[in-house]
Amino acid sequence: MEQGYSDKAYRWNREKYSSRRRFVDIWSFVLTLLFKLWLYNKSWSYPGGVTEVKQAARRKSQAVWIRSTLLDLGPTFIKVGQLFSTRADIFPVEYVEELAKLQDKVPAFSYEQVEATIEKELGKKIPELFHNFEPIPLAAASLGQVHKAVLHTGELVVVKVQRPGLKKLFEIDLQILKGITRYFQNHPKWGRGRDWLGIYEECCRILWEEIDYLNEGRNADTFRRNFRGYDWVNVPRIYWRYATSRVLTLEYLPGIKISQYEALEAAGLDRKLIARQGAQAYLLQLLNSGFFHADPHPGNIAISASGALIFYDFGMMGRIKANVREGLMQTLFGIAQKDGDRVVQSLIDLGAIAPTDDIGPVRRSVQYMLDHFMDKPFENQSVAAISDDLYEIAYNQPFRFPATFTFVMRAFSTLEGVGKGLDPEFNFMEVAKPYAMQLMTDMNGSEGNSFLNELSRQAAQVSSTAFGLPRRLEDTLEKLERGDMRLRVRSIETERLLRRQSSIQLSISYALLISGFTLSATILVVNNYVWWALVPGLIAAGLSVILIRLLLRLDRYDRMY
């Protein structure tokens, strides 16, 4: 069991759930989180004054607390946390990194519940279905657990059984989450520019897909077909006769976990070759079929005795649409040329950036990113470093990295870390370079000079722009005639006066409150209610401190402008 679970952990681990209790537990977490976020921006809450180092440490501790609490809240929130670890456009990098560590290792449920589920789903008792069935599971997770078994025909299999009551728990939790989502969507600060309802719908879709074991079985079959020409990749076969939406029977393919480096070494396997093949397998998934494993953490990849890669758990898969390749190609060309405008436009076309009235800050951020870390050769780049820079730039900007994009980046970072553990000299970008070059060649045509191809492409783009210019001018004139053209004007002086006026009004309100509480304290003292007078006196003192800070801030604004 993972260290850090609290005493209330696994309270959700039952077949019947109290909606009222879940409501209290979930909203308690949300309200505590909101309080922590409010406190984070208060300089007086930092002993000795606020610094960037102290804020970073607090963000880290908050991220650890969030991860621990999500584990306590159970399967729904473990999965939501894993999905949120792909949203670097919404959460700070510390939150993203901590949520990415969410591994739902939880205690197993009883063998009696396993028997009841299998009998209900498959219509027969375990002895009728299996020659042998081990009651102790090989592994247990929040959604289900896996048992080793032998069919009557002699095949070794593993049986994946879903946790009892999971669907009911999802229904309760998602209903409560819908209310929380509406609250955040209507919030004046956190709702602005965020599609929380869209994120909620995406989470619901992924969660329901993941608990449908028939969908996982279809994913495994598709994944295996895509690698049928590669003998160094193994995927367990599905026994559809013993499969339902809550029970899945797969071929038993044992292996050494890819992160158990010493065990691989003891088995006489080539660690350098395994590192390269792990990266190659993922690149093939992306480039050949666009159907890829969205959760390739070390627990889902093993190595067979012959050195072949074995993939497990196909509940969370990603797809790259065919038309995305061209958009990615435009992004690659823009990055290679350090052309921020081209990169921004391609990201807008891909849906990675939400178009806004003022795209200037985004363009400057992208240009800074290109100038900052794209000065190294391609093969010397680090996926983890690029991901960190992207997440840092994306946070609180109008970026909205699609889940597919962030799944890919996280998978690359994971594989790079595992590769370096297998081979300290491993470089993911070096393995990816020939695939990237091949992709660029395919996009530009296998024949002819690449420079001429790019020149002709740019010429075609210029001609297309020229032909479209009259129409764009006509559209602009129509907007002017209709009065739809919007101009944004910013006056620093007006902003300063408005801020000063607002601060003065607030100061007057505080002054009136201080006078009222001071007068109340005085009256109580005169009437010999000294202890009661302390209450309004302390309130007046507290309001006085706030008033002084407000006046000092007002004075600082005047000096700034």
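Scope of the values below: all heavy atoms of this structure, side chains included, with no hydrogens, waters or symmetry mates.
Rounding to the nearest 0.5 Å places CG of N219 at 11.0 Å from CG of L214. In this structure, H147 NE2 and L138 CG are separated by 8.5 Å, a value rounded to the nearest 0.5 Å. Here CZ of F109 is found 9.5 Å from CG of L166. Values are rounded to the nearest 0.5 Å. Atom OG of S245 is separated from atom CH2 of W208 by 11.0 Å, given to the nearest 0.5 angstrom. Interatomic distance, L177 CG to T76 OG1, rounded to the nearest 0.5 Å: 7.5 Å. Expressed to the nearest 0.5 Å, how far OG1 of T249 lies from CD of E155 amounts to 11.5 Å.
In plain terms, the two heavy atoms of L70 and I78 that are nearest each other are O-CG1, 3.8 Å. Closest approach of A108 and P137 over heavy atoms only: CB-CG, 3.7 Å. The nearest pair of heavy atoms linking Y213 to G144 is OH-CA, 4.0 Å. Closest approach of A149 and F133 over heavy atoms only: CB-CD1, 3.7 Å. Contact between N234 and A308 at its shortest, heavy atoms only, is ND2-CB, 3.6 Å. Heavy atoms only, all atoms of each residue included: Q260 and I256 are closest at OE1-CG2, 3.5 Å.
Checked against ring-ring contact (aromatic ring centres under 6.0 Å, His included), Y111 has no partners two or more places apart in sequence or in another chain. T222 meets the side chain to side chain contact (heavy atoms under 4.5 Å, CB included) test with R225, N226, F291; sequence neighbours excluded. Residues that satisfy the ring-ring contact (aromatic ring centres under 6.0 Å, His included) test with W240, not counting sequence neighbours, are absent from this structure.
The shortest side-chain heavy-atom distance between L309 and Q277 falls under the 4.5 Å cut-off. Inter-residue side-chain proximity for L248 and V159 is flagged as unmet; no heavy-atom pair is nearer than 4.5 Å. Side chains of W65 and K36 form a contact here, defined as non-hydrogen atoms less than 4.5 Å apart. Using a 4.5 Å cut-off on side-chain heavy atoms (C-beta onward), I180 and Y200 make no contact. Under the 4.5 Å side-chain criterion, counting only non-hydrogen atoms from C-beta, R237 is in contact with Y239. Taking the side chain as every heavy atom from C-beta outward, L207 and V80 approach each other to under 4.5 Å. Residues F314 and P236 are in side-chain contact: their nearest non-hydrogen atoms beyond the backbone lie under 4.5 Å apart. A heavy-atom distance below 4.5 Å is found between the side chains of R22 and I176.
Atom NE2 of H131 has 12 or fewer neighbouring heavy atoms from other residues, nucleotides or ligands inside a 6.0 Å radius. R271 CZ: more than 12 foreign heavy atoms inside a 6.0 Å radius. Shown here is Q175, whose CD atom has no more than 12 heavy atoms of other residues, nucleotides or ligands within 6.0 Å.
The existence of a salt bridge linking K124 and E119 is excluded, since no basic side-chain nitrogen approaches an acidic carboxylate oxygen closer than 4.0 Å.
Aromatic ring orientation, W232 versus Y230: perpendicular (interplanar angle above 60°, classes split at 30° and 60°).
Applying the side chain to side chain donor-acceptor pair (under 3.5 Å) test between K60 and each of Q55, E94, E98 identifies E98 as the sole match.
Between the side chains of Y95 and Q62, at least one donor N or O lies within less than 3.5 Å of an accepting N or O.
Less than 6.0 angstrom separates the ring centroid of F130 from the ring centroid of Y242.
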### Message
Walk me through whether D212 and R246 qualify under salt bridge (Lys or Arg N to Asp or Glu O under 4.0 Å).
### Response
CA-CA 7 Å; D212 181 4; R246 295 182 61 211; over 6 Å; no
#### Entry: Full working for side chain to side chain contact (heavy atoms under 4.5 Å, CB included) between E115 and K125
CA-CA 7 Å; E115 284 184 310; K125 294 184 179 294; over 6 Å; no
### Task
Evaluate the criterion side chain to side chain contact (heavy atoms under 4.5 Å, CB included) for residue pair F77 and L71; output intermediate values, then yes/no.
CA-CA 7 Å; F77 291 86; L71 287 167; over 6 Å; no
### Task
Report the C-alpha separation of K160 and E216 in whole Å, then their side-chain angles, then the decisive distance to 0.1 Å, and conclude whether the side chain to side chain contact (heavy atoms under 4.5 Å, CB included) test is met.
CA-CA 11 Å; K160 193 172 182 179; E216 181 177 345; 2.9 Å; yes
#### Entry: Step-by-step salt bridge (Lys or Arg N to Asp or Glu O under 4.0 Å) determination, R205 to E201
CA-CA 6 Å; R205 179 184 60 80; E201 295 295 337; over 6 Å; no
### Task
Run the numbers on D221 and R224 for salt bridge (Lys or Arg N to Asp or Glu O under 4.0 Å), then give the verdict.
CA-CA 5 Å; D221 279 352; R224 188 176 60 258; 2.7 Å; yes
### Task
Show your reasoning for whether side chain to side chain contact (heavy atoms under 4.5 Å, CB included) applies to L250 and Y252.
CA-CA 6 Å; L250 309 93; Y252 178 59; over 6 Å; no
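Side-chain N or O atoms of E121 include none that pairs as donor or acceptor with a backbone N or O of I118 at under 3.5 Å. Judged purely by atom type and a 3.5 angstrom limit, H293 uses its side chain to pair as donor or acceptor with the backbone of D313.
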